[in-house]
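Below is one structure, written out as structure tokens; the observations come after it.
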Protein chains: 2
Amino acid sequence: MRSQADGRKVRGERRRTEIIEATLRVIERDGVAGVTHRTVAREAGVPTSSITYHYATLDDLLIATLISCARDMATEVYWMIDRARSREGLRRSSDSTMGGPSAADEVSALLAEALGPRRGRTMAEYELYLLASRRPALRPAARRWLDVLTSMVRHDDEVAFRVFLAGIDGLLIQGLIDDEPPSAAELLPAVEYLLKPR
Amino acid sequence: MRSQADGRKVRGERRRTEIIEATLRVIERDGVAGVTHRTVAREAGVPTSSITYHYATLDDLLIATLISCARDMATEVYWMIDRARSREGLRRSSDSTMGGPSAADEVSALLAEALGPRRGRTMAEYELYLLASRRPALRPAARRWLDVLTSMVRHDDEVAFRVFLAGIDGLLIQGLIDDEPPSAAELLPAVEYLLKPR
DNA sequence: AATCTACCTGCACGATGGTCCAGGTTCACA
DNA sequence: TGTGAACCTGGACCATCGTGCAGGTAGATT
């Protein structure tokens, strides 16, 4: 009855997600330019025509990848903000200098990680993001993670939060063209300045 | 004698710059993915093999385009900063509210222009910029305009200026995925917040 | 005039790309 | 067990790509 149909569907979905994950790996390694039916198929270990079967066109595949990627990004940044906030709250309540990492420390560490070990992933995300600016079909997916983030801040903070996110974006993009990824310590001053209240 | 040889060389250089300009137009229209020997040749109105003759490989062509583009960007942002500064100086010296656009107005207008009429150009710049993060050969060219800009600020401003540039980058990139390019008025609050001194 | 050299181009080759489709397999259901 | 629909795949078609090269041209040199 249901279990069979679900098993069928689950298996179909599983292959789809495998393809998506393979696509993301290809983008991380070779960029969006390296995404072809054949490279993705080889990466996923599935026949070439399986890609065209599940995703009619390459654009569909990229859209699906971007959506999946956006979800990951949103949840990730969500937790980053959450942690930064609780630290900030702690810091304010206990007034002055105390042990433990500050919000700026936390954010700097995450940026350093995004530019170091997770560099490929960061590049992939911005490539997809930029691709969205060229193809309207991708824009809703690209906007989603921004919307998710902005929807969870108080309204009187909206501008400050938007500038904060813009600053993060800028620091990441500028960090991507460094030969050596910047350390958290090098990023700290900029992040501190960015977080400093007006 | 010299004049003849120079005339020859000038003509050669002229064709080269024509190819570069055509490449930039192609990137503005179709993105880096649309750059092929043939598309660029058609855009420039030259035979296909002329591209391979002047630029051994496509990478060389992209590098040359990025260098040319970086020079334009640097000079452009230079004047933006220059104007913003003089406005700021004027504003500080005459203390409070007065007629004329503020620095934030000026910057917002430029951002709105970059996201509106010059949208294609802005996309092209960021695509090249992101491409540089993947190909080390392009990085020096991509870093140049950042270096030019950071070299012309006083040292005690360095962090603030870097954050300012990062914020600009972020606002531009986020603005690129809007269906309707944001107006200067919409951008103004964020720019004002970004410019607000700590 | 003869020659040389740098400059340029048409053309074709091999590789790779997206896309399509006829046919095979699996599985719920009658 | 038969049947139909959903699922999947090997293989081929045609377009386009990067690249190399034989050959052509125009100005410089002798």
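Proteins get letters first, then strands, A, B, ... in listed order; numbering begins at 1 in each.
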Scan nucleotides 18-22 of chain C against the protein and return all N/O pairs shorter than 3.5 Å with their distances rounded to 0.1 Å.
{"unit_1": "C/dG18", "atom_1": "OP2", "unit_2": "A/H37", "atom_2": "N", "d": "3.1"}
{"unit_1": "C/dG18", "atom_1": "N7", "unit_2": "A/R38", "atom_2": "NH2", "d": "2.5"}
{"unit_1": "C/dG18", "atom_1": "O6", "unit_2": "A/R38", "atom_2": "NH2", "d": "2.8"}

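Atom CZ of B/R14 and atom C1' of C/dC7 are 17 Å apart (whole Å). Atom-to-atom, CD1 of B/I19 to C1' of C/dC8 comes out at 11 Å; the value is rounded to the nearest Å. Atom OH of B/Y53 and atom C1' of C/dG10 are 16 Å apart (whole Å). Rounding to whole angstrom units, NE2 of residue B/H54 and P of C/dA6 are separated by 15 Å. As a whole-Å value, the separation of B/I51 CD1 from D/dG20 P is 16 Å. Rounded to whole Å, the distance from CZ on A/R42 to C1' on C/dT16 is 11 Å.
For the pair B/R15 and C/dT9, the criterion of a side-chain N or O lying under 4.0 Å from OP1 or OP2 is met. Taking side-chain N and O atoms only, B/S50 has no distance below 4.0 Å to OP1 or OP2 of C/dC8.
Applying the side-chain contact (heavy atoms from CB on, under 4.5 Å) test to B/T36 and every residue at least two apart in sequence or in another chain returns B/R38, B/T39. A/D59 pairs by the salt bridge (charged side-chain N to carboxylate O under 4.0 Å, His left out) definition with A/R135, not counting sequence neighbours.
Scanning both residues, B/A166 and A/L171, for their nearest heavy atoms gives CB-N, 3.7 Å.
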Take B/R119 and B/E28, measure what salt bridge (Lys or Arg N to Asp or Glu O under 4.0 Å) needs, and give me the verdict at the end. CA-CA 8 Å; B/R119 214 182 108 93; B/E28 287 177 14; over 6 Å; no

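Seen from the ring of A/Y129, A/R143 does not count as a face-on cation partner, given the 6.0 Å and 45° thresholds. For B/R121 and B/Y126, the positive end is not near the middle of the six-membered ring at less than 6.0 Å and at most 45° from its axis.
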